Amino acid sequence: MAAADAEETEGAVEGEQTPDVESDQAGNLSVVIRSEVLQQVVDQLLTVVDEAIFRLGYDGLSVMAVDPANVAMVEIEVEPGAFESVGDGMFPIGLNLQRLDDYIDGASGADPITLTFQPETLSVEIEHTNVEVEMAGINTDMMRDEPDIPDLDLDSEFTADAGVVTEAIENSALVSDHVELESAVDDGKLVICGHGDTDDIKTVLGPEKMSEANFASDAVAMYSVPYLTGGSTQGSKYSGLLKPVSSGTDLRVRFAEDTPMKMDYEFADGFGSVRMMLAPRIQSR
Amino acid sequence: MAAADAEETEGAVEGEQTPDVESDQAGNLSVVIRSEVLQQVVDQLLTVVDEAIFRLGYDGLSVMAVDPANVAMVEIEVEPGAFESVGDGMFPIGLNLQRLDDYIDGASGADPITLTFQPETLSVEIEHTNVEVEMAGINTDMMRDEPDIPDLDLDSEFTADAGVVTEAIENSALVSDHVELESAVDDGKLVICGHGDTDDIKTVLGPEKMSEANFASDAVAMYSVPYLTGGSTQGSKYSGLLKPVSSGTDLRVRFAEDTPMKMDYEFADGFGSVRMMLAPRIQSR
Amino acid sequence: MAAADAEETEGAVEGEQTPDVESDQAGNLSVVIRSEVLQQVVDQLLTVVDEAIFRLGYDGLSVMAVDPANVAMVEIEVEPGAFESVGDGMFPIGLNLQRLDDYIDGASGADPITLTFQPETLSVEIEHTNVEVEMAGINTDMMRDEPDIPDLDLDSEFTADAGVVTEAIENSALVSDHVELESAVDDGKLVICGHGDTDDIKTVLGPEKMSEANFASDAVAMYSVPYLTGGSTQGSKYSGLLKPVSSGTDLRVRFAEDTPMKMDYEFADGFGSVRMMLAPRIQSR
């Protein structure tokens with residue numbers, strides 16, 4: 001996933017610009033996507049927001065979301081190759097994710113879902129199996145701006161099964177709301193730790209658990225467990241960035257001390273890519 | 001199920017008559033029924049009431065129930081052929097359905113359950129597997145009268161898999177508490193719709209989804225979703241008439257505008273039949 | 001399980017003595033035990049207490065617990081044969097059971113778990129799979145004394161599948177918080193009854209359901225259902241002594257009127273043994 005490095009440069013991220021929501025209405029405003037692909041997009045977005053602006057059309061799908069507390073971001077791209085049909089137009093539409101999730105629930109696996117933008121009503125028609133939904137869009141002017149994921153210098157990097165990483169973070173959750181990622185250059189291990197008031201728990205990922213590991217230095221970085229794996233009433237009301245990432249998925253993790261971490265994975269046979277960013281917990285030492 | 005048409009004519013349905021609860025005590029007041037048959041009866045009754053009067057004996061089983069709000073009715077007949085033994089007596093007994101459900105829970109599938117009326121204590125003895133229960137009956141004088149299911153002119157009629165119908169109604173529940181059934185004479189389709197404040201959802205049942213369809217006219221009729229498929233805190237406290245009807249069962253549905261709908265299905269190899277009726281929601285148009 | 005009879009004689013059970021918590025620190029304070037064996041120990045102890053003193057070492061494992069209301073006791077022994085390694089030292093350590101349960105959750109089946117006592121910090125190091133936990137011990141001086149299970153004259157005795165006994169007691173729970181065990185010498189049956197305000201339920205265990213039965217006299221004894229199978233908000237907050245005993249396990253039950261009952265079973269290929277005792281409910285007759 002070389003594309004994961006082609007991040008936009010930092011710049012005027014905050015405030016002024018409004019979302020780019022002009023539609024290219026010259027062409028056919030209809031796309032057809034497999035149920036399981038759209039479901040993964042919706043599930044991943046629901047870990048940070050209730051509604052998001054989808055950009056759908058000849059370029060596939062592009063959507064970005066940041067949680068209300070500005071702690072976690074998700075950016076998703078799905079290339080046209082993952083679609084059964086993308087038409088030749090492009091439309092942006094703000095959608096409530098929970099409702100969209102309900103509406104596509106009756107489709108599964110490779111069932112095709114047709115999404116058709118209806119500019120006159122600012123709504124989208126969703127068709128699958130024997131179901132037809134007329135879903136109102138959300139006025140994108142009222143929605144939050146979409147920040148860019150900044151470029152960061154993250155010199156500890158590894159790739160492992162998402163299930164293994166999730167389990168290690170859930171172990172930490174047994175004793176603390178924070179998790180520490182510790183990279184050890186010498187023995188090529190990554191240690192995922194929780195430090196509690198009385199007990200400590202460490203999960204060690206040796207080279208056999210990581211398909212790739214590049215640690216430029218020994219680093220220790222601390223992040224919020226609820227934002228990663230959910231399950232807490234503290235932190236976010238959302239379910240944890242890693243919840244929708246199935247076991248068996250290669251998860252690439254990059255981090256550095258007192259710096260946001262990034263996590264990437266691919267789906268839809270490599271045509272879809274998710275990039276997540278999570279702000280650090282500052283260590284009080 | 002030709003019997004489904006042999007409904008009693010409307011008449012003095014309300015009030016005066018008391019339930020017919022005389023037992024024919026000349027004979028053997030014991031019946032033996034398969035667990036799965038009795039379980040279906042209990043599950044279906046529990047969608048509308050907490051207690052009901054069972055009439056058991058040489059004619060099999062007959063029971064009828066109407067929900068406290070008078071919106072939904074269930075009538076069940078089980079012919080002697082579904083019983084392993086019916087004796088030569090007949091007894092009526094009022095029973096609490098939740099308790100009966102608990103008491104037969106240890107039996108399953110074809111396990112025989114013996115029900116024996118004990119007139120002196122107004123109780124029933126329930127025996128199955130290695131369990132024996134002495135269950136108190138309810139004084140039938142204190143119980144509600146049982147209305148007849150009225151004869152109605154319902155000229156839109158179709159038969160489909162109960163699972164398909166249930167799923168379509170649950171789709172409607174995503175946007176509304178009401179569901180509309182729309183029959184289209186010309187294209188032979190039935191459309192099940194929910195109209196929400198912002199979104200609409202339609203499930204289309206074409207001829208391939210219906211084993212039978214007779215639509216005398218284009219008709220639109222509106223019913224309460226919670227009474228059909230449950231899941232709401234509004235409407236009835238009960239779980240929805242269709243909840244106990246398993247996917248794969250042929251469900252015959254008859255409806256007309258501003259008129260109660262009827263639904264019928266068979267169980268116990270055709271020896272058991274359920275008829276349900278649900279009052280309409282009047283459309284404000 | 002002849003050992004089950006080798007109970008200590010009654011004596012100065014209450015108060016004065018303090019728990020025997022001296023460790024034999026001469027040797028290796030590390031043991032290795034299969035996950036499923038330790039899990040069974042923890043699950044069974046959690047039916048009566050939140051924390052317990054484990055004695056681990058060359059003799060295997062020994063632990064005893066009594067619930068806060070002094071109604072139910074559990075005593076567990078695991079012989080060295082169930083361990084992969086027992087070292088040559090012995091250490092006692094007070095542990096919070098729920099936390100221990102969490103920490104071993106990532107191991108399953110035959111996964112080896114290493115427990116190492118660290119005398120200087122009064123803590124135990126738990127290692128399994130790729131997880132390492134540093135768990136603080138509880139000061140055993142602050143913990144409850146451990147009473148002995150008294151010697152009792154219990155002349156009604158039977159052995160049956162724990163699943164069958166549990167189901168029979170759960171049947172009784174449908175009508176009452178108490179369960180009666182009735183042994184009938186003449187027909188060699190055991191009847192497990194619940195007597196409710198209006199309904200009674202009996203489950204009959206004939207000779208075919210019991211692998212062994214010795215009834216010296218007809219006896220009726222009454223016990224608390226919540227302490228046996230849980231599920232009630234009354235009685236104990238714990239989950240019921242029989243909850244962790246899997247169906248298929250031979251459960252030996254001994255009882256007598258107005259006397260505590262004892263239940264024993266083996267696990268870990270016979271190297272582990274559990275003895276449970278439950279005080280009677282006195283019958284008001």
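Every chain is numbered from 1, with letters handed out A, B, ... down the list of sequences. Just so you know, these numbers come straight off a predicted model, no measurement behind them.
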Participant: Are the side chain of Asp199(C) and the backbone of Ala136(B) linked by a donor-acceptor contact shorter than 3.5 Å?
Facilitator: yes
Participant: Atom CD in Glu134(B), atom CD1 in Ile201(C): separation rounded to 0.5 Å?
Facilitator: 11.5 Å
Participant: Between atom CG of Asn171(C) and atom CD of Glu132(B), what is the distance when rounded to the nearest 0.5 Å?
Facilitator: 11.5 Å
Participant: Any chance you could measure Asp102(B), atom CG, to Glu170(C), atom CD, to the nearest 0.5 Å?
Facilitator: 11.5 Å
Participant: Nearest 0.5 angstrom please: Thr129(B) OG1 to Lys209(C) NZ, how far?
Facilitator: 7.5 Å
Participant: Which atoms of Asp200(C) are under 4.5 Å from chain B, going by heavy atoms: the side chain, the backbone, both sets, or neither?
Facilitator: both
Participant: Does Asp197(C) CG have over 12 foreign heavy atoms under 6.0 Å away?
Facilitator: no
Participant: Looking at Ile192(C), Thr203(C), Val204(C), which one forms a side chain to side chain contact (heavy atoms under 4.5 Å, CB included) with Val131(B)?
Facilitator: Thr203(C)
Participant: State, to 0.1 Å, how close Thr198(C) and Arg99(B) come at their nearest heavy-atom pair, and which atoms those are.
Facilitator: OG1-NH2, 3.6 Å
